[in-house]
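Worksheet: one structure, shown below.
Per chain, numbering begins at 1; letters A, B, ... match sequence-line order. Every heavy atom of this structure was used, including side-chain atoms; hydrogens, water molecules and symmetry mates were not.
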2 protein chains.
Amino acid sequence: MTGASDDSGPRTADPPASSAHVAEKLALAIHEHRILPGTKLSEDEVGEVFGVSRTVVRAALQHLSHDQLITLRRNRGAFVAQPSIPEAREVFEARALLEPRTARSAAERTAPADLTRLQAHIDAEHAALAAGEVGRAVYLSGQFHIEIARIASQDTIREFITQLVARSSLIIALYWQRRSALCESHAHSALMRALAAHDGTLAEEVMQGHLLDLVSSLDLQNRAAAPRSLHEVFGGR
Amino acid sequence: MTGASDDSGPRTADPPASSAHVAEKLALAIHEHRILPGTKLSEDEVGEVFGVSRTVVRAALQHLSHDQLITLRRNRGAFVAQPSIPEAREVFEARALLEPRTARSAAERTAPADLTRLQAHIDAEHAALAAGEVGRAVYLSGQFHIEIARIASQDTIREFITQLVARSSLIIALYWQRRSALCESHAHSALMRALAAHDGTLAEEVMQGHLLDLVSSLDLQNRAAAPRSLHEVFGGR
DNA sequence: TGATACATTGTTGTATACGATCCCGCAGGT
DNA sequence: ACCTGCGGGATCGTATACAACAATGTATCA
């Protein structure tokens, strides 16, 4: 109410404006590095942006907090999470446990329609890179991994991988080192070929190597990167 | 509100009654089979029991919903989840991916204090079984698995295992077949011995076998168990 | 001049109020 | 007798109001 229909700006107020919707939008923005780690997400502010009350914002923030995308500090507010270096290692260790075996399962049941979608992901990722939208490329790259879990028909594991991929996006935002074009695309293509050939063993190996490459592209030795301050993040905002 | 101190019955109104506290209490009750799958958790009712408002209850329910311990249905309410047979399989497949390797890691860094705690868990489990408290035994059995992830110093994976163990408890409530005393205790002891010997390979194997045993003790073929109704669950309430 | 204590302000935590949606039971028609 | 449309009751979804806490800025004192 209160004339939420027009409001000032963004899309807002499509139909129901459920909390899940707000959470999704925020998650996407974080995933695409449109909101950087450490940023404060004030309830009032978010509510105003999306044209909803603090109640629904609060629910959305709690949801994101549970995915460890944001950190909720009592009486202080919500902040985009800043995974520490140990946490970053753990995330990729968890991925190393889950994804290779899942890729194997996926290879054994890949259908033609799946390959079409995977190719679409890769194409979109290339397009985003060509357009200079690095954040979006990171997001799409993550979606590729999630898609593989979907092919494996493992919803539970897919849920976990979804969380890990989202956190990986934060980790990339914090510890990305090698800004050379995402060579991952190559790995993704190789993975897709392994799936097309129904070669589970190969898919598992490729995925394992891909994840190792990803970790090695991060700077997880330098301990100075962790206590990154807000001012540092924002540059000179 | 106000005057929630005495109320009618249960513990209620300890001190602050934060939403996390309510969620934890509910989770424990579900975990111990004090609340059975399919049970409706009305916001008003839960709020009254714990002496808090619907706001905090809602937050707690959302938290549990995210862990898939309860199912939230729009305008219908919250119900304790009833994992389907495919979901049950997925849960144990995920555990099979995570836990054996985690047990291996744990074995390589088990400290004396860890063994003490593990033994305490096993003892408590035996005591619960001796007292006929099957639900509590199931809970403690799950905590044992979580403790292993803690020893492995893998907080992220531990979080996942915590979720999976909780869901496993629901699955056991629904599909438990072999009511013979939980032979798991034996497996847990074997696991502890492997950890004490720092034998990672053995620990991994024992854990894998233990999980397979667990699955085989369930009835995941019978499809009639799924659509269990509320009245059936409650008997004649 | 520097440090501490206090008042102020802003933000979150919780409770309550109102509106929307859905389920259940009943009247009426075919 | 069965099916269909409608109304009552209850529950959830969202918004708002008040209270508590933390952070900040200012004034006073050593």
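One atom, CG of A/Leu61, and another, P of C/dT11, lie 14 Å apart when rounded to the nearest Å. When rounded to the nearest whole Å, the span between CZ of B/Arg54 and P of D/dA10 equals 15 Å. D/dT11 atom P lies 9 Å from atom CD of B/Glu45, rounded to whole Å. For the pair B/Asn75 CG and C/dC18 P, the interatomic distance rounds to 19 Å; values are reported in whole Å. Atom P of nucleotide D/dA17 and atom CG of A/Asp44 are separated by 13 Å, given to the nearest angstrom. Across the protein-nucleic acid pair, B/Arg74 atom CZ and C/dG19 atom P stand 18 Å apart, rounded to whole Å. Atom pair A/Leu41:CG and C/dT12:C1' shows a separation of 14 Å (rounding to whole Å applied).
The shortest non-hydrogen separation linking B/Ala149 to B/Thr102 is CA-CG2, 3.8 Å. Closest of all the heavy-atom pairs between B/Phe92 and B/Leu218 is CE1-CD1, 3.6 Å.
The distance between the ring centers of B/His188 and B/His145 falls below 6.0 angstrom.
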Are any protein N/O atoms closer than 3.5 Å to N/O atoms in nucleotides 23-25 of chain C? If there are, list each pair with its distance.
| unit_1 | atom_1 | unit_2 | atom_2 | d |
| --- | --- | --- | --- | --- |
| C/dC23 | OP1 | B/Arg76 | NE | 2.5 |
| C/dC23 | OP1 | B/Arg76 | NH2 | 2.7 |

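Within the 3.5 Å criterion, the main-chain N or O of B/Arg76 finds a donor-acceptor partner in the side chain of B/Lys40. Side-chain atoms of A/Asp114 come within 3.5 Å of backbone atoms of A/Ala111 as a donor-acceptor pair (strictly under, hydrogens ignored).
Here the side chain of A/Lys40 is nearest to one of D/dA17, D/dC12, C/dT11, namely C/dT11. For B/Thr55, counting side-chain heavy atoms from C-beta on, the closest listed nucleotide (C/dT16, C/dT12, D/dC12) is C/dT16. The side chain of B/Glu43 lies closest to D/dC12 when the candidates are C/dT11, D/dC12, D/dA15.
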Donor-acceptor pairs under 3.5 Å, side chain of residues 161-169 of chain B to any protein atom, not counting sequence neighbours: which ones?
| unit_1 | atom_1 | unit_2 | atom_2 | d |
| --- | --- | --- | --- | --- |
| B/Thr162 | OG1 | B/Arg158 | O | 2.7 |
| B/Arg167 | NH1 | B/Gln68 | OE1 | 3.2 |
| B/Ser168 | OG | B/Arg95 | NH1 | 2.8 |
| B/Ser168 | OG | B/Leu164 | O | 2.7 |
| B/Ser169 | OG | B/His31 | O | 2.8 |
| B/Ser169 | OG | B/His33 | NE2 | 3.2 |

